[in-house]
Undergrad: 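Dumping the structure here so I can ask a few things about it.
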There are 2 protein chains.
Amino acid sequence: METHPFANTHLRIELNERLYLRDPQQTDLGRRLMAESIKLIDEIGFEQFTFKRLAIRIESTEASLYRYFENKHRLLVYLVSWYWAWLSYQIRFHTHNVPNPAERLRLMLRILTRGHQCDAATMQVDGAALYRIVVNEASKAYLTKDVDQDNQAGLFREYKRLAAGIAAVVSEINPTYPYPHMLVSTLLEATRKQLFFAQHLPSLTNSAEQKTAEETVYAFLENLVFKALT
Amino acid sequence: METHPFANTHLRIELNERLYLRDPQQTDLGRRLMAESIKLIDEIGFEQFTFKRLAIRIESTEASLYRYFENKHRLLVYLVSWYWAWLSYQIRFHTHNVPNPAERLRLMLRILTRGHQCDAATMQVDGAALYRIVVNEASKAYLTKDVDQDNQAGLFREYKRLAAGIAAVVSEINPTYPYPHMLVSTLLEATRKQLFFAQHLPSLTNSAEQKTAEETVYAFLENLVFKALT
DNA sequence: CTCGGTATGATAGTAACACTATCATAAACG
DNA sequence: CGTTTATGATAGTGTTACTATCATACCGAG
């Protein structure tokens, strides 16, 4: 339950039960729901996405899908949480034997900005599409009138857990830095926003001709964070 | 039409014509639309907000409101743009005779984090409510599948203009800093996000007991930006 | 004072959306 | 073998996001 040493073994991601009505990872329909909703949301955007459309796509029915999630908003929170949990796992996996905290933080930044390299084997999910959803739609998960309720129900646990993990490293690098949590949440948000801007509002970024957006964002964030910590 | 030297004179904020179908600042109904939509969106949130509800509230009709804005998304973009334009004006007004660029940037940060102190006289709009809308909903203005179209139509001009203005000061402080635009857009986004987190997801921030959220966010951002520029 | 445009209101209608309920059925499990 | 359990099929409801049409009230020009 703790570790899965074999590549082939399915990585079991445990999420807050209150995110769903029925666990989509337990059943065939649930897994199709997840895999296809990721593709569909990526294609048409979250506002255009409906359970009806998804049902047609996976040749199921609206009613069946509503048995898994109360509504599409909960599904979004679920998908995003799943991504954060997966990212936490990736980070743990790639940094657990790196003793230098600065080096560990750099590795985390790398993983954050290259979040799409989800090994396809992990689940049947399209990692690149899920990453695009996180970039484009993740903010909508908490920018609602229900934030406080949702938060109390623990729906943002995975995000907060990830942030706390990174903040710990920040404090390890510089224990006197007064804003580790703010720095980390700014970091997490900025990663996505800058990638979004690079694609859609380039005047808000500094895109270098010869570099990819990810590399530029990484360089910017590395510079920002380590200067803040000195 | 160009300048209004008297305090009592209504500040005329010129926005991209493509933001609206009919200029809401020109008519009585338009101004009521603006003022009341701000209050209503603030109260119930953008997803719950409908033209129908607003029409009932201002004792008009749905059809009449649709003559001003294509849909509620355009209205949101308009309101947010209005805020950015107003903020640009505030910044120009308060910094035009400050020679030191570092001091100017600090003033800008102050104005950004205290954006709610909209002098009520400016329009009939509720400045505090509009600021809350900017914090809670502004991201939704561009996080859509239509970003590129909307951007091409110039709907985000005010935001980009504001960012460019601040970026110029950043470059004035340190002309060799390689990421002025990224720093500024990160700054603008982080301001809102951190205020949101302080209110709803405090574990993502470092809230000091004796300080207000605005002061803490200001201190954090000032530290972050000036360290980045040294 | 009349004429013509302009802003608004009143009313109606439509397609899609966001569900909820009920009943049938087939597989899985004990 | 009987009973849960998951799914499908179908129907229905209230709301949303518009669009269309027509009436009316006002306002400025001739």
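Chain letters run A, B, ... following the sequence lines, proteins first, then strands; residues in each count from 1.
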Undergrad: What N/O pairs connect the protein and nucleotides 25-30 of chain C at under 3.5 Å? Give each pair on its own line.
TA:
none

Undergrad: Under a plain distance cut-off of 3.5 Å, with no hydrogens placed, do A:Thr205 and A:Gln194 share a side-chain donor-acceptor pair?
TA: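 No pair is found: no donor N or O on one side chain lies under 3.5 Å from an acceptor on the other.
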Undergrad: Nearest whole Å is fine: how far is D:dA6 C1' from A:Leu29 CG?
TA: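 It is 9 Å, rounded to the nearest whole Å.
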Undergrad: Roughly how far, to the nearest 0.5 Å, is the CD1 atom of B:Ile166 from the CZ atom of B:Arg161?
TA: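 Here the rounded value is 14.0 Å.
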Undergrad: With no hydrogens and no angle check, do the side chains of B:Glu158 and B:Ser88 hold a donor and an acceptor under 3.5 Å apart?
TA: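 No.
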Undergrad: Decide, yes or no, whether a salt bridge links B:Arg74 with B:Glu70 under the criterion of side-chain N to carboxylate O below 4.0 Å.
TA: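 Looking at B:Arg74 and B:Glu70, the cut-off is met.
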Undergrad: Rounded to the nearest Å, what distance is computed from the CG atom of residue B:Asp28 to the P atom of nucleotide D:dC26?
TA: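 After rounding, the reported distance stands at 14 Å.
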Undergrad: Parallel, tilted or perpendicular: which describes the rings of A:Phe69 and A:Tyr20, with under 30° parallel and over 60° perpendicular?
TA: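 A:Phe69 and A:Tyr20: perpendicular rings.
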Undergrad: Side-chain N or O of A:Ser64 versus OP1/OP2 of D:dG8: is the shortest distance under 4.0 Å?
TA: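 Looking at the OP1 and OP2 atoms of D:dG8, one of them is under 4.0 Å from a side-chain N or O of A:Ser64.
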Undergrad: So do the side chains of A:Tyr159 and A:Ser81 get within less than 4.5 Å of each other, counting heavy atoms only?
TA: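 Side chain of A:Tyr159 against side chain of A:Ser81, heavy atoms only: no contact under 4.5 Å found.
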Undergrad: For A:Tyr68, what residues pass the side-chain hydrogen bond (donor to acceptor under 3.5 Å, both in side chains) criterion, not counting sequence neighbours?
TA: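 With sequence neighbours excluded, A:Tyr68 shows a side-chain hydrogen bond (donor to acceptor under 3.5 Å, both in side chains) to A:Thr27, given in chain and number order.
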Undergrad: Is there a residue in residues 141-154 of chain B whose heavy atoms reach under 4.0 Å of DNA chain C, and which residues are they?
TA: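 None - not one residue of the stretch has a heavy atom sitting under 4.0 Å from the strand.
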Undergrad: Which residues pass the side-chain hydrogen bond (donor to acceptor under 3.5 Å, both in side chains) test with A:Asn151, not counting sequence neighbours?
TA: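 Residues passing side-chain hydrogen bond (donor to acceptor under 3.5 Å, both in side chains) with A:Asn151: A:Lys160.
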Undergrad: Between atom CG in A:Leu75 and atom P in C:dC19, what is the gap in whole Å?
TA: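 In whole Å, C:dC19 P and A:Leu75 CG are 12 Å from each other.
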Undergrad: What nucleotide among D:dG8, C:dA7, C:dA10 has an atom nearest to a side-chain atom of B:Thr61?
TA: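 Given the options D:dG8, C:dA7, C:dA10, the side chain of B:Thr61 is closest to C:dA10.
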Undergrad: When we call it a touch if two heavy atoms are under 4.0 Å apart, what does B:Glu59 touch: a base, just sugar-phosphate, or nothing?
TA: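 B:Glu59: backbone/sugar contact only, no base atoms under 4.0 Å.
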Undergrad: Taking only side-chain nitrogens and oxygens of B:Thr27, does any of them come within less than 4.0 Å of OP1 or OP2 of C:dA7?
TA: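 False: B:Thr27 side-chain N/O out of range (4.0 Å or more) of C:dA7 OP1/OP2.
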Undergrad: What string of B, S and - do you get for nucleotides 11-22 of chain D, 5' to 3', if B is base contact, S is sugar-phosphate-only contact and - is no contact with any protein heavy atom under 4.0 Å?
TA: -----SBBBBB-
Undergrad: Roughly, in whole Å, what's the span from CG in A:Leu54 to C1' in C:dC17?
TA: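 Nearest whole value for this atom pair: 15 Å.
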Undergrad: Grab the CZ-P distance between A:Phe69 and C:dA18 for me, whole Å please.
TA: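 My rounded result for the distance is 16 Å.
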Undergrad: Nearest 0.5 Å, please: how far is CZ in B:Arg67 from CG in B:Leu33?
TA: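 Separation between the atoms: 12.5 Å.
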Undergrad: According to side-chain hydrogen bond (donor to acceptor under 3.5 Å, both in side chains), who are the partners of A:Asp23, at least two apart in sequence or on a separate chain?
TA: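 Partners of A:Asp23 by the side-chain hydrogen bond (donor to acceptor under 3.5 Å, both in side chains) criterion, ordered by chain and then number, come out as A:Gln26.
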Undergrad: Determine the contact category for A:Tyr68: base if any of its heavy atoms lies under 4.0 Å from a base atom, sugar-phosphate if only primed atoms, P, OP1 or OP2 are that close, otherwise nothing.
TA: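 Sugar-phosphate contact only - A:Tyr68 comes under 4.0 Å of backbone atoms but never of a base.
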Undergrad: A:Glu43 pairs by side chain to side chain donor-acceptor pair (under 3.5 Å) with which of A:Arg57, A:Arg132, A:Gln48?
TA: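 Running side chain to side chain donor-acceptor pair (under 3.5 Å) over A:Arg57, A:Arg132, A:Gln48 with A:Glu43 returns exactly one hit, A:Arg57.
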Undergrad: Once you round it to whole Å, what is the distance between P of D:dT7 and CD of A:Gln26?
TA: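 Taking CD of A:Gln26 and P of D:dT7, I get 11 Å after rounding.
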Undergrad: How many Å lie between CG on A:Leu21 and C1' on D:dT7, as a whole number?
TA: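 Result: 15 Å.
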Undergrad: Less than 6.0 angstrom separating the ring centers of A:Phe197 and B:Tyr142, yes or no?
TA: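 Yes, the ring centres sit under 6.0 Å apart.
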